[in-house]
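Naming: A, B, ... by sequence-line order, numbering from 1 per chain. Keep in mind that the numbers below use all heavy atoms, side chains included, and drop hydrogens, waters and symmetry copies. The model shown is predicted, which means the values in this text are computed figures rather than measured ones.
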Amino acid sequence: MACRSSPFLRVERIMSEQSPPYEHAALERRWQQRWHKERSFAVAEHSDLPKYYVLEMFPYPSGRLHMGHVRNYSIGDVIARFKKARGFDVLHPMGWDAFGMPAENAAIANGVHPSRWTRSNIAAMRDQLQRLGLSYDWDREFATCDAEYYRWEQTIFLELLERGIAYKKGGLLNWCEPCQTTLANEQVEDGCCWRCGNLVTQREMEQWYLRITDYADDLLAALDELSGWPAAVTSQQRTWIGRSTGASIFFELEDSAQLEGLEGGIEVFTTRPDTLYGCTFMSLAPEHPWTRKLAAGTPQEEAVNAFVDRMGTTDRAQRMDEGAAKEGLFVGRYALNPVNGRRIPIYTANFVLADYGTGAVMAVPAHDQRDFEFADKYGIEKLVVIQPDGEALDAASMTEAWTGAGQLRNSGPHDGLSSEQAKQAVVAELEAHGRGKAAVNFRLRDWGISRQRYWGAPIPVIYCQTCGMQPVPADQLPVQLPEDVVLDGEGGSPLARHEGFWRTECPSCGGQARRETDTFDTFMESSWYFLRYCSPQYLGGMVDAEAAARFLPVDQYIGGIEHAVMHLLYARFYTRLLRDLGHLEVAEPFRQLLCQGMVCHETYRSEDGQWLYPGEVDISVAESGRTAFRKSDGSGVRIGRVEKMSKSKHNTVDPETFIERYGADTIRLFCLFAAPPHKDLDWSEKGVEGCYRFLCRVWKLAHQRSELLGAAVDPSSLELGEAATELRHRVHQTIDRVTRDIDERMQLNTAIAAIMELLNGLSAFHTTNGVPRDLNEGDAAVFVEGVQVLLMLLSPFAPHLSDELWSMFPGDKLLEDSPWPNSDPAVAAARTMTVVVQVKGKKRAEISFAVDASEEEIKAAALVHPKVVRFLGDAPPRMVKYVPGRLVAIVPGT
RNA sequence: GCCCGGAUAGCCCAAUUGGUAGAGGCAGGGGACUUAAAAUCCCCUCAGUGCGGGUUCGACUCCCGCUCCGGGUACCA
């Protein structure tokens with residue numbers, strides 16, 4: 001056990017006497033300081049080099065890095081370092097998504113001010129990031145809680161307000177009680193708050209919105225062009241935007257004269273105008289503005305009011321649960337079907353959503369499953385108007401709705417049309433009579449951006465009793481968040497209780513006025529931070545136009561998929577807004593998106609069902625399988641499945657511990673090696689040890705031959721032996737493999753595997769039976785070239801160790817300033833090839849050829865190979881196919 | 001239910017996109033070194049690709065029909 005947690009002991013053991021110990025802690029600190037001193041990762045803003053912008057989703061400053069962060073940033077760092085070596089001017093920044101509720105909750109719980117809490121967390125996490133050796137240009141760092149950051153958000157908000165993109169309205173809102181704030185629709189997952197996981201309720205409130213729905217079509221259509229995004233994300237956004245085409249139809253009331261304001265009738269949206277002739281009733285959402293009004297004065301009035309009241313107090317999730325029974329009530333009045341004049345009863349129904357479409361539905365029970373069930377329950381007539389091929393539907397005997405296509409019947413002039421044709425024909429009929437039109441409907445709602453919390457950017461408006469709502473004048477920006485607030489978790493928004501903040505003068509009349517006390521949704525800040533990195537100190541606006549033109553869009557964005565329809569949708573929207581306001585040229589912020597997989601770990605539970613941390617458990621491996629015991633008392637432990645690391649299940653490991661034990665290079669390497677970036681990664685301490693061992697072997701290889709490294713000779717001018725030629729070929733091939741794996745395939749795990757292979761090759765080459773052998777001049781030159789290449793290829797993954805060993809070569813240039821190696825195509829090309837001979841698809845022989853052997857030559861050799869001849873028989877072969885460089889496939893004659 | 005993914009050795013993961021199933025790591029076994037153990041070094045075992053069909057000279061790869069796992073989404077009219 002002792003050795004398991006004593007890496008230094010282990011290092012000494014791994015190292016033979018001829019190598020100095022690999023002291024990763026001191027070594028890594030030294031190189032981090034050197035990079036810092038030389039500003040190795042500063043962006044050359046005006047260089048002639050092509051730019052490359054790599055960005056990882058910036059973290060919320062919780063105070064501690066978790067493995068998900070480490071993985072995310074390690075991936076980004078490889079790309080950043082690689083692109084830099086490939087000659088790009090790389091922008092690779094880092095900052096802090098610093099507003100948000102944890103800070104405020106911590107303040108309520110512990111009395112620490114959110115600002116102090118946040119700043120000290122930032123300091124701690126910055127330190128952790130720096131100890132990972134990530135290649136950020138730290139001069140560009142900022143936190144979104146900096147007034148100099150959010151002032152531009154306030155500025156833009158005022159521009160949006162002027163253009164009517166930002167507006168305020170009242171209505172039912174998502175309310176999270178534990179968080180004491182409203183939430184945007186995107187931030188409600190499965191009826192629960194995305195942050196705290198508690199059930200979201202509905203509440204009638206006023207708040208600010210951004211008209212994202214104006215951009216719905218554009219946001220949707222442009223997804224098709226985002227070929228660099230994972231389909232999982234674009235498809236989620238498509239679903240979320242939820243565009244459906246159909247018709248908007250007006251149903252007049254039977255006695256509309258009696259109801260003021262309903263002269264045009266009730267509007268419904270449908271995707272199935274072809275079924276209009278089959279409409280036998282109408283359903284309104286309980287919250288529909290006409291539900292109560294229609295019932296008023298009818299015998300149904302009292303019952304309808306009671307129903308609406310009950311629905312209002314029924315939990316939304318419960319009411320909308322699909323298992324919930326259809327329920328409704330006749331409202332006491334009739335409407336007229338605009339195409340056939342049929343008198344249809346109007347119902348209110350629990351399953352009709354107030355905020356989708358118009359909150360009113362034309363019900364076609366024969367062709368919609370929900371309407372079918374409702375009609376069954378309340379004895380409403382079903383009318384078949386779509387007849388599927390080869391089947392005669394009969395309303396009386398149907399057991400479920402027919403929702404597919406078919407031929408029209410009972411539909412007046414449209415009988416005989418296909419449902420597709422009828423969709424257009426019915427719309428045309430409606431349009432001719434002014435009773436409806438083709439329409440598109442979206443599921444997407446406007447983005448609610450007000451939050452009733454303190455730790456956010458103030459919304460820069462003022463309310464005056466006489467002048468109404470007034471924007472804060474530009475010269476009074478930023479509206480600073482006051483520091484001196486009472487945070488006790490009581491009595492609603494802290495700013496609303498801070499008189500010094502809200503009491504102000506009307507900018508228009510100078511009279512007494514009140515500031516808005518809600519703050520912005522923190523997704524507002526993360527919707528443009530990538531832009532600010534282009535010119536983080538710019539004082540003239542959000543971004544310096546020249547810097548934006550140079551660096552945008554982000555070439556490679558990396559982060560978790562959990563933001564598929566929150567951050568990533570808002571950022572696309574916001575970028576469009578800024579383009580339309582003239583601040584930007586681009587519409588899409590992120591050219592390529594990589595969503596890394598989760599970091600997972602086995603779970604452990606004690607006999608009494610408690611979750612245990614991996615550190616509390618010992619595991620022994622026997623033939624019968626693995627068994628686990630609790631370290632403290634040796635009691636049995638149940639090994640559970642591998643799951644995403646989470647605090648609640650205690651299956652987390654702390655990056656800090658592992659960095660101390662093995663070093664940042666090892667941890668980075670493991671995160672990149674154990675799985676391809678987009679897939680889930682199973683944390684394995686054994687695997688970490690394997691990566692550590694690999695780095696130790698690299699270390700040892702260089703030190704074993706340190707005397708050679710100081711005097712590199714170009715091997716291309718030397719006469720090389722067989723083994724040296726072969727090794728050199730492998731070295732150059734490895735350059736090609738690693739380059740392609742990083743650049744084209746984003747397959748970092750196989751890039752590392754190739755580097756490991758190269759190490760194995762170099763080790764075998766310079767030793768005999770594990771002991772260093774004598775190398776001639778050619779051998780030495782090839783070996784040294786191999787070590788050089790190895791370090792260059794390794795440097796994006798394990799930069800500290802690579803730099804340390806690189807310094808054994810002459811010159812004092814950092815690897816960070818050295819170009820990526822180029823392979824010599826002549827050397828990388830194989831000299832011989834092994835061709836497999838298959839007879840009827842079965843491998844029968846292998847033959848070696850020079851790479852320039854001709855097809856005829858190869859086919860001929862294959863056909864006379866003794867192992868092949870046996871399977872051919874006497875007749876001439878029916879087919880002989882040559883796949884260049886790979887195989888000869890033969891089908892014998894009969 | 002629908003829409004995405006995924007399933008290859010005891011485990012993680014490769015396979016140049018239809019051409020020799022195995023690169024890399026872990027675990028396991030053997031050997032060298034050692035008084036011994038550990039460490040280190042060298043060597044080795046193990047699957048025929050979730051299941052059933054099909055196309056093909058040839059299928060992990062393409063087609064059809066399933067199973068299981070993961071993710072998203074759902075009275076959206």
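Of the two residues near RNA chain B, A:Glu189 and A:Phe269, the one whose nearest nucleotide lies more 5' is A:Glu189.
Nucleic acid contact class of A:Lys842 (heavy atoms, under 4.0 Å, all strands): none. Residue contacts shown for A:Met756 are limited to sugar-phosphate atoms, with no base heavy atom under 4.0 Å away. Across all strands, A:Lys843 comes closer than 4.0 Å to base atoms (heavy-atom distances).
The side chain of A:Arg737 has B:A23 as its nearest neighbour among B:A23, B:C76, B:C57. Relative to the side chain of A:Arg697, the nucleotides B:U20, B:G25, B:U73 differ in distance, and B:G25 lies closest.
In this structure, A:Arg661 is positioned above the aromatic face of A:Phe658, its NZ or CZ under 6.0 Å from the six-membered ring centre and within 45° of the axis.
Residues meeting the side chain to side chain contact (heavy atoms under 4.5 Å, CB included) test with A:Val731, sequence neighbours left out: A:Leu727, A:Leu758, A:Val789. Taking the side chain to side chain contact (heavy atoms under 4.5 Å, CB included) definition, one finds that A:Met566 meets it with A:Glu186, A:Gln187, A:Glu189, A:Trp194, A:Phe523, A:His563, A:Tyr570, sequence neighbours left out. In this structure A:Arg737 satisfies the side chain to side chain donor-acceptor pair (under 3.5 Å) test together with A:Glu757, sequence neighbours excluded. A:Val188 is linked by a side chain to side chain contact (heavy atoms under 4.5 Å, CB included) to A:Asn174, A:Leu183, A:Val200, counting only residues two or more places apart in sequence or in another chain.
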Set out, line by line, the N/O atom pairs under 3.5 Å between protein and nucleotides 11-14 of chain B.
residue	atom	partner	partner atom	Å
B:C12	O2'	A:Ala674	O	2.8
B:C13	O3'	A:Asn749	ND2	3.1
B:A14	OP1	A:Gln747	NE2	3.4
B:A14	OP1	A:Asn749	ND2	3.2

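At a cut-off of 3.5 angstrom, counting only N and O atoms as typed in the model, there is a donor on one side and an acceptor on the other between the side-chain of A:Gln838 and the base of B:G19.
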Please output the side-chain donor-acceptor pairs of residues 279-287 of chain A that fall under 3.5 Å, not counting sequence neighbours, one pair per line with the distance.
residue	atom	partner	partner atom	Å
A:Thr280	OG1	A:Glu381	O	2.8
A:Glu287	OE2	A:Arg319	NH1	2.6

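With both ends at atom P, the span from B:G53 to B:C60 equals 15 Å, rounded to whole Å.
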